[in-house]
**Q** 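Got a structure for you, questions after.
Reminder, nothing fancy here: chain letters follow the sequence lines and each chain counts from 1.
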Amino acid sequence: MQLVRWKALVPLVVFGALFAVGWWLFADRATRRAVEYVGAEVVGARVDVAAADLRLAEGAVRLSGLAVTNPEQPMRNLFEADEIVAYVRTLPLLEKKAILDTVAVRGLRFGTERRESGALARPSPTSGRIVREVSGWARSVRIPSLSLEALTGLVDVAAISPDSLRTLSQARAVVGQADSIERAFRSELAALDPRPRLDSARALTQRLREADPARLGIAGIRSLAESGRSQISSLDDLGRQVGALDDRVKASVASLQAGVQGLADVRARDLAWARGLLRLPSLDSPDLSPALFGDIALAKVQPFLYWLRVAEEYLPPGLDPRRRPGPGRVRASGTSVTFPRREAMPAFLLSYAAADLELGGTGAGAGRYAARLTGLTTQPAIYGRPMVLAAQRSGGTAGPRDVGLKAVLNHVARPLRDSVIVSLSGLTLAPVALPALGARLGLGQVAMQLSLERVGDSLNARMVWRTANASWTRDGSPPDPNARVGSRAWAEGLLWRTVSSLRSVELEARLSGSLRSPALAIRSNVGREVAAAMRRELGAQVAQAEARVRGEVDRLVQARVEEARRGVDALSARAAEAVSAQRQELTNVRSTLEAEIRRLTARLPIRIP
Amino acid sequence: MLLLKLLQQFVRALNSDGTPGQVAAGLALGAALGLTPLVNVHNLALFAVITLANVSFPGAMLGWALFVPVGFALDPLFDMIGRRLLLDTAALQPLWTSVYNTPVLSLTNFNNTIVLGSFVVWLLLVLPLFFVVRAGVARYRVHVYQRLAQTRLFKAVTASKLYNVYRLFRPD
């Protein structure tokens with residue numbers, strides 16, 4: 001029996017030939033599908049290629065009509081390219097590695113409209129997760145509202161309930177404590193019971209005064225003098241006890257006085273609470289800018305966060321095995337693991353790409369542009385150098401010339417270091433709806449600057465949009481010029497008058513902190529102008545409203561505070577008076593007793609110890 | 001239709017002129033096409049082996065057809081095995097790194113948990129499968145075939161047009 005079935009060689013060769021013909025026929029389509037699939041995986045939205053032309057012998061791939069959907073705006077493309085020609089090394093393809101030495105892009109256009117939505121029904125797990133996380137962060141950012149209701153019906157003092165004011169309860173507590181301390185003082189003073197000892201001392205003083213030394217003899221005098229001294233010692237003890245009681249009362253009174261002084265702070269807090277209850281508008285300009293431009297700034301910064309995260313995901317540092325979902329097929333996809341090796345080639349490397357584009361027309365953005373990209377790789381640790389993207393305007397017919405982009409993504413090792421600087425002029429942005437103002441802002445030709453620095457998980461970014469030819473369109477009917485001050489119509493009119501005169505608009509958004517959850521700060525001259533106008537026109541109203549609130553709070557709490565203060569003062573005075581009287585009486589009795597002892601013993605020929 | 005073809009293959013495999021060993025070898029090799037995801041380089045190589053080696057081609061097709069549902073059903077198991085080998089066994093990482101970075105070998109997709117897991121399971125099954133099937137076919141031919149050859153169904157199946165094509169691959 002033969003081991004090899006030679007007669008099957010012919011069908012096998014035929015099969016191989018058919019396979020080769022199939023490859024030849026469908027390689028272009030497979031290439032197109034592969035680019036669309038991988039592109040959609042990375043971008044998180046549809047990537048369309050009109051045609052692909054794969055020429056392995058020349059190591060060239062030509063893509064025509066590439067359209068990459070903007071994942072944030074599915075009816076718009078991030079960019080379109082008429083033609084992309086890539087020169088690919090063929091041998092690495094046997095390792096399923098794509099090493100592109102050069103890529104030339106022609107006919108590049110940004111932000112073009114799509115005929116059909118480029119949203120994916122099921123985005124890749126990676127991009128889907130990043131979209132969810134960035135959207136979750138955006139939802140967690142609290143954009144304060146600029147409520148016109150807050151500007152109307154400014155004062156409603158009836159809303160202040162006495163039960164809600166802490167000053168009242170605190171003052172009541174102080175009065176109660178004062179009463180309690182006084183009762184305790186009186187009780188302790190009574191417990192000391194000085195009267196028997198005083199009476200006894202007075203009786204002894206009387207005996208000393210009436211004593212006849214001749215009759216008593218030395219021994220009798222000595223005995224009487226010792227009784228007197230013992231009595232003096234007892235009076236001294238009593239004096240010390242009264243002093244200690246005095247100290248305790250003074251300490252308690254001091255504590256109560258501190259409580260009375262603390263009532264001022266509590267009242268200030270009550271006032272702030274009552275003011276908040278009335279929803280008086282905050283006229284600080286930093287508060288107004290987020291209210292006016294929070295949503296638009298949030299929408300503008302989200303793409304940057306998204307692309308930073310995408311870059312982190314697909315351009316990871318280090319050489320650890322990396323997992324990704326397996327290819328889509330009828331069978332389960334499983335997980336595909338890549339095992340990068342420093343001596344080998346990366347799975348994907350685009351060594352050098354160049355794009356030249358020209359924007360037509362006579363606008364500020366018209367002109368020729370050139371972009372260069374080096375070192376885009378899925379395994380930066382193997383490539384060993386950062387990815388650099390630079391774009392600049394190489395010639396223009398009109399407008400400013402400070403158009404530039406420089407991005408350096410250094411993912412060779414941890415910590416990741418990204419820096420992006422973008423400067424764009426002549427950018428035309430669509431009008432922006434500002435519901436808080438009831439208006440639409442036409443930004444016209446905008447200059448945009450972005451500086452972004454990322455080190456590890458720490459992000460610091462600043463974006464500024466400026467325009468000198470802003471236009472404002474009122475949504476709905478024009479405001480009533482005769483509206484009552486403080487009414488909603490009046491507030492709308494105020495806002496509209498303020499913003500509609502502004503031609504120069506500047507908006508700044510800052511991101512700082514963790515890349516996954518950065519803090520967003522927003523400033524704008526519009527916010528400042530509106531705040532200033534509000535302060536001018538509403539200042540008196542707000543001051544009046546605040547005065548009424550303050551008056552109402554004071555009316556409710558003043559009596560109690562005064563009562564507390566009086567109670568504490570009275571307690572202090574009464575305690576001092578009682579102690580002082582007690583001390584005075586003790587001193588008098590003691591002095592008299594001592595004088596009588598001295599007088600009696602002074603007549604003796606010898607000194608009694 | 002599919003069932004009929006399966007039946008046809010089954011009958012032809014069992015009753016071909018090939019030895020029970022050739023049928024068993026064909027079935028064991030064909031099982032790889034069913035157990036592992038089809039579009040992979042190792043399956044292309046196995047198909048060439050099935051075609052050129054003097055094994056039963058219908059046996060291989062039968063193995064393929066029989067093990068496709070098994071492959072689908074066992075995908076979670078393959079994924080688990082593949083995951084264990086690719087990710088959880090540090091000692092094997094140098095091997096996978098070499099495979100991943102070696103031309104052609106990397107086209108086998110052995111860096112995918114399902115592909116690797118199913119291929120390993122097939123490797124473990126191939127010899128037991130070969131011996132069990134060989135014994136089964138031998139016993140069948142001795143005890144069942146003679147009676148079955150007289151039935152109308154058998155005659156109808158073997159009379160199909162595909163039979164001539166099959167003859168090209170019939171074991172010598």
**Q** Look at B:D88 together with B:R83 and state whether they make a salt bridge at an N to O cut-off of under 4.0 Å.
**A**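 Salt bridge between B:D88 and B:R83, a charged N being under 4.0 Å from a carboxylate O: no.
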
**Q** Name the region of B:D75, side chain, backbone, both or neither, that has any atom closer than 4.5 Å to a heavy atom of chain A.
**A**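 It is the side chain, since no backbone atom gets that close.
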
**Q** Heavy-atom distance under 4.5 Å to chain A: side chain of B:F110, backbone, both or neither?
**A**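 Interface part for B:F110: neither.
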
**Q** Examine whether an atom of A:S333 lies under 4.5 Å from a heavy atom of chain B, and if so say whether it belongs to the side chain, the backbone or both; otherwise answer neither.
**A**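 Backbone only.
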
**Q** Would you mind telling me which of B:N101, B:L116, B:L105 has the largest number of heavy-atom pairs within less than 4.5 Å of chain A?
**A**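 Of B:N101, B:L116, B:L105, B:N101 has the most heavy-atom pairs under 4.5 Å with chain A.
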
**Q** Checking A:P92 against chain B: side chain, backbone, both or neither under 4.5 Å from a heavy atom?
**A**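 For A:P92, no heavy atom lies under 4.5 Å from chain B.
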
**Q** Say you draw a straight line from OH of A:Y314 to CZ of A:R324; how long is it, rounded to the nearest 0.5 Å?
**A**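 Taking OH in A:Y314 and CZ in A:R324, the distance rounds to 9.5 Å.
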
**Q** Determine the minimum heavy-atom distance between A:S514 and A:D457, stating which atoms define it.
**A**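 Reported closest heavy-atom pair: OG-OD2, 2.9 Å.
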
**Q** Please name the pair of heavy atoms, one in B:S106 and one in A:K96, separated by the smallest distance, quoted to 0.1 Å.
**A**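 Reported closest heavy-atom pair: O-CE, 3.4 Å.
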
**Q** Please state whether the side chain, the backbone, both or neither of B:T102 comes within less than 4.5 Å of a heavy atom of chain A.
**A**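 For B:T102, the contact with chain A is made by the backbone alone.
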
**Q** Non-hydrogen atoms of chain A under 4.5 Å away: do they reach the side chain of B:T108, the backbone, both or neither?
**A**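 Interface part for B:T108: neither.
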
**Q** Please look at A:R331 and chain B and tell me whether the side chain, the backbone, both or neither of the residue comes under 4.5 angstrom of a heavy atom of that chain.
**A**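 Backbone plus side chain of A:R331, per the 4.5 Å heavy-atom cut-off to chain B.
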
**Q** Using the six-membered ring wherever Trp is involved, compare the ring planes of B:F47 and A:F15 and label them parallel, tilted or perpendicular (cut-offs 30° and 60°).
**A**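 Plane angle between 30° and 60°, so tilted.
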
**Q** Which one, B:V49, B:I114, B:L52, B:D79, leads in non-hydrogen pairs under 4.5 Å with chain A?
**A**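 That would be B:L52.
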
**Q** Taking B:G71, B:P76, B:S98 one by one, which has the highest count of heavy-atom pairs under 4.5 Å against chain A?
**A**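 The option with the most such pairs is B:G71.
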
**Q** Is it the backbone or the side chain of B:L87 that comes under 4.5 Å from a heavy atom of chain A, or both, or neither?
**A**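 Answer is side chain: those atoms of B:L87 sit under 4.5 Å from chain A.
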
**Q** Where on A:L91 is there a heavy atom nearer than 4.5 Å to chain B: the side chain, the backbone, both, or neither?
**A**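 Contact with chain B is absent: no heavy atom of A:L91 under 4.5 Å.
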
**Q** When rounded to the nearest 0.5 angstrom, what is the spacing between OG1 in B:T36 and CG in B:N109?
**A**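 Here the interatomic distance stands at 10.5 Å.
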
**Q** Please report the shortest heavy-atom distance between A:V85 and A:R62, naming the atom on each side.
**A**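 That closest heavy-atom pairing would be CG2-NH1, 3.6 Å.
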
**Q** Closer than 4.0 angstrom, basic N to acidic O: yes or no for A:E133 and A:R309?
**A**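 Salt bridge between A:E133 and A:R309, a charged N being under 4.0 Å from a carboxylate O: yes.
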
